[in-house]
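First listed ligand is number 1; within each ligand, the first listed atom is number 1. These figures come from a predicted structure and were not determined experimentally. All values below were derived from every heavy atom in this structure, side-chain atoms included, with hydrogens, water molecules and symmetry-related copies excluded.
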Amino acid sequence: MTDRVVVAGAVLDEGRLLAARRSAPPELAGRWELPGGKLEQGETPPQALVRELREELGVETEPGERIPGEWPLAPGYVLQVWTARLVSGEPRPLEDHDELRWLYRHELDTVDWLDQDRPAVAEAARHLPGG
Ligand code: CDP
């Protein structure tokens with residue numbers, strides 16, 4: 001059986017990465033993630049990413065490149081991550097999150113990332129200046 005893909009975005013703007021604090025479910029609330037969500041029927045991961053970032057953050061984005069790797073989530077789900085460029089709008093926590101932060105490379109360790117997002121965040125750091 002093929003695992004279902006959850007796609008998340010390493011949203012990059014002005015040399016910073018966007019981190020989002022989950023507000024639900026209770027076991028994940030308070031932890032930080034790269035925003036995203038499950039693919040819907042017929043969507044490619046980049047299409048799903050654009051939709052999820054629009055729904056959750058109210059912004060338009062352009063997917064860039066896939067961050068190498070794939071990380072297990074709940075049984076039957078895997079996480080894939082793409083970089084994304086902000087095209088328009090200012091991200092706001094409309095859905096699933098209660099706080100957003102733009103982090104410079106040297107600040108990436110200042111939030112409590114979900115365990116499964118950590119390798120992707122480390123890879124995403126390579127797209128940020130200052131290393
Ligand atoms: O919005 P949707 O219901 O499609 O998806 P979600 O609830 O945001 O994410 C689906 C699952 O992927 C949840 O269990 C999240 O915890 C997980 N996820 C993750 O582990 N890391 C991310 N960066 C995004 C989602």
Within 6.0 angstrom of D112 CG, more than 12 heavy atoms from elsewhere: yes
message: For K38 and E40: C-alpha separation, side-chain torsions, deciding distance, then whether salt bridge (Lys or Arg N to Asp or Glu O under 4.0 Å) applies.
response: CA-CA 6 Å; K38 301 182 198 82; E40 288 179 357; over 6 Å; no
- prompt: Less than 4.5 Å apart, any side-chain heavy atom of V11 and any of L17?
  reply: no
message: Give me the nearest non-hydrogen protein atom to atom 3 (O) of ligand 1 as residue plus atom name, then the distance to 0.1 Å.
response: K38 NZ, 3.1 Å
query: Relative to the heavy atoms of G36, which atoms of ligand 1 are at a distance of less than 4.0 Å?
result: 8 (O)
Enumerated ligand 1 atoms positioned under 4.0 Å from heavy atoms of D96: 1 (O), 8 (O)
query: Nearest to atom 13 (C) of ligand 1, what protein heavy atom do you find, and at what distance?
result: R22 NH1, 4.4 Å
query: Which protein heavy atom lies closest to atom 21 (N) of ligand 1, and at what distance to 0.1 Å?
result: D117 OD1, 2.8 Å
message: Distance check, rounded to the nearest 0.5 Å: D117 atom CG versus R31 atom CZ?
response: 9.0 Å
- prompt: Which protein heavy atom lies closest to atom 14 (O) of ligand 1, and at what distance to 0.1 Å?
  reply: L28 CD1, 4.3 Å
task: Report yes if the side chains of V6 and V78 come closer than 4.5 Å at any heavy-atom pair, otherwise no.
output: no
field: Side-chain touch P93/D98, heavy atoms, less than 4.5 angstrom
entry: no
message: Quick test: of every protein heavy atom, which one is nearest to atom 18 (N) of ligand 1, and how far off is it to 0.1 Å?
response: E33 OE1, 3.9 Å
task: Indicate yes or no: does an N/O atom of L79 lie under 3.5 Å from an N/O atom of ligand 1?
output: no
message: Students should be able to answer this: which protein heavy-atom is nearest to atom 11 (C) of ligand 1, and at what distance?
response: V6 CG2, 4.2 Å
Non-hydrogen atom of E56 closer than 4.0 Å to ligand 1: yes
message: With heavy-atom distances below 4.0 Å as the criterion, list the atoms of ligand 1 near A8.
response: 23 (N)
message: Counting C-beta onward and ignoring hydrogens, is there a side-chain heavy-atom pair between R22 and P25 closer than 4.5 Å?
response: yes
R105 vs P129 side-chain heavy atoms within contact, under 4.5 Å: no
query: About how many Å separate OG1 of T61 and CH2 of W82, when rounded to the nearest 0.5 Å?
result: 13.0 Å
- prompt: Does A74 reach ligand 1, in the sense of a heavy atom lying below 4.0 Å from it?
  reply: no
task: Specify the protein heavy atom at minimum distance from atom 20 (O) of ligand 1: its residue, its atom name, and the distance to 0.1 Å.
output: Q116 NE2, 2.6 Å
- request: For atom 17 (C) of ligand 1, grab the closest protein heavy atom and report residue, atom and distance to one decimal in Å.
  value: L73 CD1, 3.9 Å
